[in-house]
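Everything below concerns the one structure shown next.
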Amino acid sequence: MDAPLTVGILGGMGPAAAIDLMAQVLRRSPRGSEQDGVRLIVDNNPRVPDRNAAILRGAPSPAPVLAQMAQGLERAGADVLAMACNTAHAFQFEIERSVGIPFVSMIEEASAQAAALAEGRGRTVGLLAGDGCIAAGLYQAELGRRGLACLSPEPWAQAQFMTMLYDIKAGDQSAAMSRRMAVIAAGLEAAGADLLIAACTEVPLVLDAGMTAAPLINSTEALAAALVDYALRRRPLPPPFTSTEVGEA
């Protein structure tokens, strides 16, 4: 039997989100002995420039830092990469072209789960996502490819959501914050969402499936499940990026 693969995680966006992804991988790893678990190499780097600011306001791009992190993880022995931030996937191209190992997309894994869950029910997905993620069209493109429509919160609610995200990053995971996040989710349900995606890795830190009427897909959990499958060779790895054409995704 081939040896398990080593997973490299680009984290720090925010740091608690990467720790949550590690915990989710651990929960899904074999429990026969500690030696059966999945090896993770993690760069939990809180110095990554703000992704929302880069996308929306032309602030410094996080792409160079993310590429350096990916290269470091590859040198350290990672066989496959993943990232504990949805919005940072807007810079996936820059990451992939900087390394020679595959990258597993959180966006694709959560969208695949949404498509499977949508069978037999409505096909409108409510996105609990940051401004940059929405502006970059990350989930809109992937869900649209799978025949699903997207809803985002009303502008006033999205503004509240962004304030909440930065408060969560600063450490507020209180019951009051959970209630506020549930109100944003309920607004999406009232607007017609048949299912929801926690499309920002801070959301699952305060909101779980028991707090919403519609099914809630946790993008962190979706990625963790895929990483365990890839590490244990239950699924074939996606191919590494090979194109040298600038601008090709």
Side-chain angles (χ1 to χ4, degrees), residues 3-31 33-52 54 61-110 130 133 138 165 168-171 173 198-206 218-235 237-238 240-241:
L5 301 177
T6 297
V7 176
I9 294 176
L10 290 83
M13 303 169 275
I19 294 169
D20 185 37
L21 176 58
M22 294 169 66
Q24 297 291 351
V25 169
L26 176 61
R27 289 193 189 100
R28 288 159 178 78
S29 297
R31 295 300 182 93
S33 71
E34 67 182 48
Q35 286 75 27
D36 293 328
V38 174
R39 183 185 179 193
L40 302 175
I41 304 175
V42 182
D43 188 346
N44 205 20
N45 180 8
R47 302 293 185 267
V48 179
D50 188 297
R51 284 68 60 202
N52 291 290
S61 171
V65 176
L66 293 171
Q68 290 170 5
M69 292 166 65
Q71 291 166 352
L73 291 167
E74 183 178 28
R75 288 194 299 270
D79 299 301
V80 60
L81 296 175
M83 186 157 55
C85 176
N86 285 272
T87 303
H89 282 66
F91 307 94
Q92 180 177 333
F93 168 72
E94 289 86 346
I95 295 168
E96 288 188 291
R97 71 176 180 176
S98 72
V99 295
I101 55 178
F103 180 93
V104 178
S105 167
M106 173 181 276
I107 309 295
E108 292 181 11
E109 296 300 333
C133 185
L138 301 178
L165 289 191
I168 295 168
K169 287 177 184 290
Q173 298 179 27
C200 175
T201 49
E202 269 65 50
V203 174
L205 301 178
V206 298
N218 180 334
S219 59
T220 302
E221 289 184 353
L223 179 60
L227 292 176
V228 172
D229 282 348
Y230 285 127
L232 300 182
R233 300 179 184 270
R234 296 169 181 164
R235 293 168 59 179
L237 281 174
F241 182 81

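Computed from heavy atoms alone, side chains included, the values below leave out hydrogens, waters and symmetry copies.
- Shown here is R31, whose CZ atom has more than 12 heavy atoms of other residues, nucleotides or ligands within 6.0 Å.
- Side-chain contact between L227 and V38 is absent, with no heavy atoms from C-beta onward closer than 4.5 Å.
- The backbone N or O of R235 lies less than 3.5 Å from no partner atom in the side chain of D229, so there is not a single donor-acceptor pair.
- Summarising the geometry of N86 relative to A198, their closest heavy-atom pair is ND2-O, 4.4 Å, with the distance given to 0.1 Å.
- In this structure, the side chains of L237 and L5 come closer than 4.5 Å at one or more pairs of heavy atoms.
- At a cut-off of 3.5 Å, with distance as the only test, no side-chain donor of R75 or Q71 sits close to an acceptor on the other residue.
- The two atoms that bring Q173 and A16 nearest to each other are NE2-CB, 4.3 Å, heavy atoms only.
- Separating the CE atom in M13 from the SG atom in C200 is a distance of 11.5 Å, to the nearest 0.5 Å.
- Here the options are P62, S61, P64, the test is side-chain contact (heavy atoms from CB on, under 4.5 Å), and the partner is P49; only P62 passes.
- Closest non-hydrogen pair, A224 versus R28, comes out as C-CD, 4.1 Å.
- Residues T220 and N218 come closest through the heavy atom pair N-OD1, 2.9 Å.
- With T6 contributing its side chain and D79 its backbone, the two residues share no donor-acceptor pair below 3.5 Å.
- When all heavy atoms of V48 and G11 are compared, the pair lying nearest together is CG2-O, 4.5 Å.
- For the atom pair L26 CG and E34 CD, the distance stands at 11.0 Å (nearest 0.5 Å).
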- [ ] Start with the C-alpha distance between L66 and R51, add both sets of side-chain angles, then the distance that settles side chain to side chain contact (heavy atoms under 4.5 Å, CB included), and finish with yes or no.
- [x] CA-CA 11 Å; L66 293 171; R51 284 68 60 202; 5.5 Å; no
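- A heavy-atom distance below 4.5 Å is not found between the side chains of T201 and L21.
- Between I107 and the choices T87, L223, L138, the side-chain contact (heavy atoms from CB on, under 4.5 Å) rule is met once, by L138.
- No side-chain heavy atom of P204 sits under 4.5 Å from any side-chain heavy atom of E221.
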Task: Candidate pair V65 and R47, rule side chain to side chain contact (heavy atoms under 4.5 Å, CB included), full reasoning - done: CA-CA 8 Å; V65 176; R47 302 293 185 267; 5.9 Å; no
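- Across all their heavy atoms, I41 and A78 have their closest contact at CD1-N, 3.9 Å.
- Residues V228 and R234 have side chains in contact (heavy-atom distance under 4.5 Å, counting atoms from C-beta outward).
- Summarising the geometry, atom OG belonging to S98 is positioned 8.0 Å from atom CG belonging to L81; distances are rounded to the nearest 0.5 Å.
- The closest donor-acceptor contact from the side chain of E202 to the backbone of G14 lies under 3.5 Å.
- Looking at heavy atoms from C-beta onward, D43 lies out of side-chain contact with L10 at the 4.5 angstrom threshold.
- Among Q68, M83, H89, the one residue that satisfies the side-chain contact (heavy atoms from CB on, under 4.5 Å) test with I95 is M83.
- Atom OG of S219 and atom CD of E108 lie 13.5 Å apart (nearest 0.5 Å).
- Residues V7 and V25 form no side-chain contact, since every pair of their non-hydrogen atoms from C-beta on lies 4.5 Å or further apart.
- The structure places CD of E96 at 8.5 Å from OG of S105, a figure rounded to the nearest 0.5 Å.
- Side-chain atoms of I101 and P240, non-hydrogen and from C-beta on, never get closer than 4.5 Å to each other.
- With hydrogens and angles disregarded, no donor-acceptor distance shorter than 3.5 Å links the side chain of E94 to the backbone of A67.
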